[in-house]
Amino acid sequence: MVILERNLSARYSSRRFKLMTASTIKHLVLILLAISFVFPMFWMMSTSVKPDFEQLRWPPVWIPNPFDFSNYPNAMNFEPFFQYITNTLVYCVLTVVGTLVSSTLVAYGFARIDWPEKNFLFILMLATMMLPFQVTMVPLFVLFKTLGWVGSYKPLIVPTFFGSAFNIFLLRQFFMTIPNSLSEAAYIDGANELVIFWRIIIPLAKPALATVALFQFIYGWNDFLGPLIYLNDQSTFTISLGLQNYVSSYGTQWGLLMAASTVATLPIVVLFFLAQKTFIQGISLSGLKG
Amino acid sequence: MKGGDGDCYYSRRQVHMANVQTEVMSPVKATRRRRNSLQAKRERLFYILVLPWVIGFLAFTLGPMVYSLYLSFTHWDLFSSPRFIGLGNYAQLSGDPLFWQSLRVTSIYSIVSVPLGLIVSLMLAILLNQKVKGLSVFRTILYLPSVVSGVAVSTVFMWVFNPQFGLLNALLGELGVKGPGWLSDPNWALPSLILMSLWGVGGNMIIFLAGLQNIPVSLLEAASLDGATLWRRFWSVTIPILSPSILFNLVLSIINQFQTFTQAYVMTNGGPLHSTLFYVYYLFENAFQYLNMGYAAALGWILFIIILVLTMIVLATSKKWVFYQGE
């Protein structure tokens, strides 16, 4: 009896031991991965507050001593980063408005209203997602040049008012999940299609709209090729273009460059932490419901 | 894409009405006419709603595509008028070593970074899907870098890859390894960028994670009761259920990686020795630095065809390996 019990408890504890080691290993691996993912950003911020003499020290100084924040005002003096950020904010907000207005309406058309050639148009729209921007890059440049828009934000903003395939697709997927019985009931009560859209569909679709707005904002913030092609006056630069300009002129002053990079990424990082749930919901929505 | 039965509740009801009406007398005819005009109204509304996209498609996609095709048969420096040269650009491309180099660079980059990115993001997702303490913290940390992309990331990685004082060689130095010159070494520049691309796998990871959370626990339990090993459960349950997410990530990754540009422009300028001359970088150079608009248009069309063919191949084979639940 005693032997059996001891045997059992030994076996039990060895099993528990196994489970515990497995869980420890899992957590260790994750912690290592997390550290390696965070490290470049940590390194960026750490460099940005290092006094010059510590930057090129070997082995590197991980945590600066003392903290030296002078790189920030210095970087701001060399390059009008504040102006860049204002430009980028205005640009992002306008494209978000354009995308929301156009993509929502188009998506509603695709989701709810029946029409013989709807499927053909829908598939055509999905196909445009596969089209690389570079195919139309040259002719679009020519078009906007003829219109006299090059040098302004118009080539970057106006097209967003005509809907983008990915956002339309995402919103359409969401609209399809709203039960028809809701709008049907409103219809019987005498509401017309637009009232239903505005009073019933839009309030229900708020999470999806937030996702689209967020993705569009981030896209605008990070976009480089578009601004590079269309903007040529430094006072109109977006943050990514301004940062690139800065890199090409101060290529080896790492303290300044990292301060500038921190300024360029911090707003997105803050936004990410504020709206984390929306991000994760949105990205899952885009990938799955077919 | 399943159409969804809710699509056309109106038309179906209307068909039903129409059937009844043919047999019944005239008073109903008024209703019928009203229904028909209602249907017409809804169709009109569809037109109006979808119109912005159609206009945008014609003005910013189809029109430019056709124009681009035309330009690809011309020689044009943007100032004089385009001169038609037939297949001249394409002939020139086939003998242009830089074109082949850019195609080679982009292909190697995609062939390595697409599968590598998928495998790493899948492994991360599986790790996160275990019972882990602090899941949301890990998820945040692993996902965040993919949101912060573009020029700032390129700048940071230029510093990370710095041969003398960068983070990477500092860490290797602590391990007693003398790191390579990374971006300044023609043999290491492209691998450096591939390594860097792994930093942004968070988006794919989230999609996989959502897919993994869709797997019914009962299914895995049933499999393990039947004696399936961990490995077997992975290949016979997890992978098939995840296959739609794999397809989605695969297609988008191919499209994205073939369009790599920012890193080449900011970090390496296509060098050293053209070792990071990405296709789109070469296209950009031709269009906006050498003003070879016709040549650039031809490059654009070839890129389009490559991506189209690759996507079609993936989609065609997907019928064999993608499984949709509930079918």
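Proteins come first, then strands; the chains are lettered A, B, ... in the order of their sequence lines, and each starts at number 1.
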Inset, instruction - Answer yes or no: is there a side-chain heavy-atom contact under 4.5 Å between B:Phe288 and A:Ile229? - result: yes
Legend entry - Toward chain A, the part of B:Leu71 with a non-hydrogen atom under 4.5 Å: side chain
Inset, instruction - Pick one of side chain, backbone, both or neither for A:Gln244, based on which atoms fall under 4.5 Å of a heavy atom in chain B. - result: both
Legend entry - Residues A:Leu241, A:Asn245; criterion side-chain contact (heavy atoms from CB on, under 4.5 Å); working and verdict: CA-CA 6 Å; A:Leu241 203 51; A:Asn245 193 41; over 6 Å; no
Legend entry - Heavy-atom contact with chain B under 4.5 Å, split by part of A:Met258: side chain
Inset, instruction - Give the intermediate values and the outcome of side-chain contact (heavy atoms from CB on, under 4.5 Å) for residues A:Leu30 and B:Leu128. - result: CA-CA 8 Å; A:Leu30 268 176; B:Leu128 284 184; 4.0 Å; yes
Legend entry - Residue, of B:Leu142, B:Val251, B:Leu69, B:Val50, that accumulates the most heavy atom pairs under 4.5 Å with chain A: B:Leu142
Legend entry - Min side-chain heavy-atom separation B:Leu209-B:Asn129 under 4.5 Å: yes
Inset, instruction - Go through the atoms of A:Tyr246 and report whether side chain, backbone, both or neither lie under 4.5 Å from a heavy atom of chain B. - result: neither
Legend entry - Any A:Phe175 side-chain heavy atom under 4.5 Å of A:Phe110 side chain: no
Inset, instruction - Considering only heavy atoms and a distance below 4.5 Å, find which of A:Pro159, A:Ser248, A:Ser102 pairs most often with chain B. - result: A:Pro159
Inset, instruction - Taking the side chain as every heavy atom from C-beta outward, state whether B:Val280 and A:Met137 have any pair of such atoms under 4.5 Å apart. - result: no
Legend entry - Partner chain B: residue of A:Thr104, A:Val29, A:Leu33, A:Val106 with the largest heavy-atom pair count (under 4.5 Å): A:Val106
Legend entry - Which of A:Ser240, A:Ala260, A:Pro132, A:Ala34 touches chain B most, by non-hydrogen pairs under 4.5 Å: A:Pro132
Legend entry - 4.5 Å side-chain heavy-atom contact, B:Gln263 and B:Thr268: no
Inset, instruction - Tell me, for A:Ile268 versus chain B, whether the close heavy atoms (under 4.5 Å) come from the side chain, the backbone, both or neither. - result: side chain
Legend entry - Selection from B:Thr140, B:Thr61, B:Asn269, B:Ile302 maximising heavy-atom pairs under 4.5 Å formed with chain A: B:Thr140
Inset, instruction - Identify which part of A:Ser36 has an atom lying under 4.5 Å from any heavy atom of chain B, answering side chain, backbone, both or neither. - result: backbone
Legend entry - Contacting moiety of B:Leu144, where chain A heavy atoms sit under 4.5 Å: both
Legend entry - Aromatic ring proximity, centroids under 6.0 angstrom, A:Phe39 and A:Phe42: yes
Legend entry - Heavy-atom contact with chain A under 4.5 Å, split by part of B:Leu315: side chain
Inset, instruction - Look at A:Leu121, A:Leu228, A:Ile168 and state which one has the largest set of heavy-atom pairs under 4.5 Å with chain B. - result: A:Leu228
Inset, instruction - For chain B, find which of A:Met44, A:Met125, A:Met41 contributes the most heavy-atom pairs closer than 4.5 angstrom. - result: A:Met125
Legend entry - Engaged part of A:Ile123 at the chain B interface, taking heavy atoms whose separation is under 4.5 Å: neither
Inset, instruction - Could you check which of B:Trp76, B:Tyr279, B:Phe208 has the highest count of heavy-atom pairs closer than 4.5 Å to chain A? - result: B:Trp76
Legend entry - Partner chain A: residue of B:Ile55, B:Asn249, B:Asn162, B:Leu127 with the largest heavy-atom pair count (under 4.5 Å): B:Leu127
Legend entry - chain A contact via B:Phe304 - side chain, backbone, both or neither, heavy atoms under 4.5 Å: both
Legend entry - chain B contact via A:Val263 - side chain, backbone, both or neither, heavy atoms under 4.5 Å: neither
Inset, instruction - Identify which part of A:Phe144 has an atom lying under 4.5 Å from any heavy atom of chain B, answering side chain, backbone, both or neither. - result: side chain
Inset, instruction - Indicate yes or no for a side-chain donor-acceptor contact from A:Thr88 to the backbone of A:Ile239 under 3.5 Å, with no hydrogens or angles considered. - result: yes
Legend entry - Short side-chain to backbone donor-acceptor contact, B:Ser68 and A:Pro139, under 3.5 Å: no
Legend entry - Contact leader toward chain A among B:Phe57, B:Tyr265, B:Tyr67, B:Phe157, where contacts are heavy-atom pairs under 4.5 Å: B:Tyr265
Legend entry - Non-hydrogen side-chain atoms of B:Phe161 and B:Met267 separated by less than 4.5 Å: yes
Inset, instruction - Look at B:Val266, B:Ile307, B:Val132 and state which one has the largest set of heavy-atom pairs under 4.5 Å with chain A. - result: B:Val132
Legend entry - Heavy-atom pair count under 4.5 Å with chain B, highest-scoring of A:Val142, A:Thr128, A:Val38, A:Ile218: A:Val142
Legend entry - Any side-chain heavy-atom pair of B:Pro82 and B:Tyr70 under 4.5 Å: yes
Legend entry - Heavy-atom check, side chain of B:Leu168 versus side chain of B:Leu195, under 4.5 Å: yes
Legend entry - Neighbour count above 12 (heavy atom, 6.0 Å) for A:Tyr219 OH: no
Inset, instruction - Could you look at A:Phe273 and say if it's the side chain, the backbone, both or neither that has a heavy atom under 4.5 Å from chain B? - result: side chain
Legend entry - Side chain / backbone / both / neither for B:Phe60 at chain A, heavy atoms under 4.5 Å: both
Legend entry - Side chain, backbone, both or neither of A:Leu143 within contact of chain B (heavy atoms, under 4.5 Å): side chain
Inset, instruction - Answer with yes or no after comparing the ring centroid distance for A:Phe81 and A:Tyr84 against a 6.0 Å cut-off, counting only values under it. - result: yes
Legend entry - Value rounded to 0.5 Å, distance of OG1 in A:Thr262 from CG in A:Leu266: 7.0 Å
Legend entry - Heavy-atom contact with chain B under 4.5 Å, split by part of A:Ile31: both
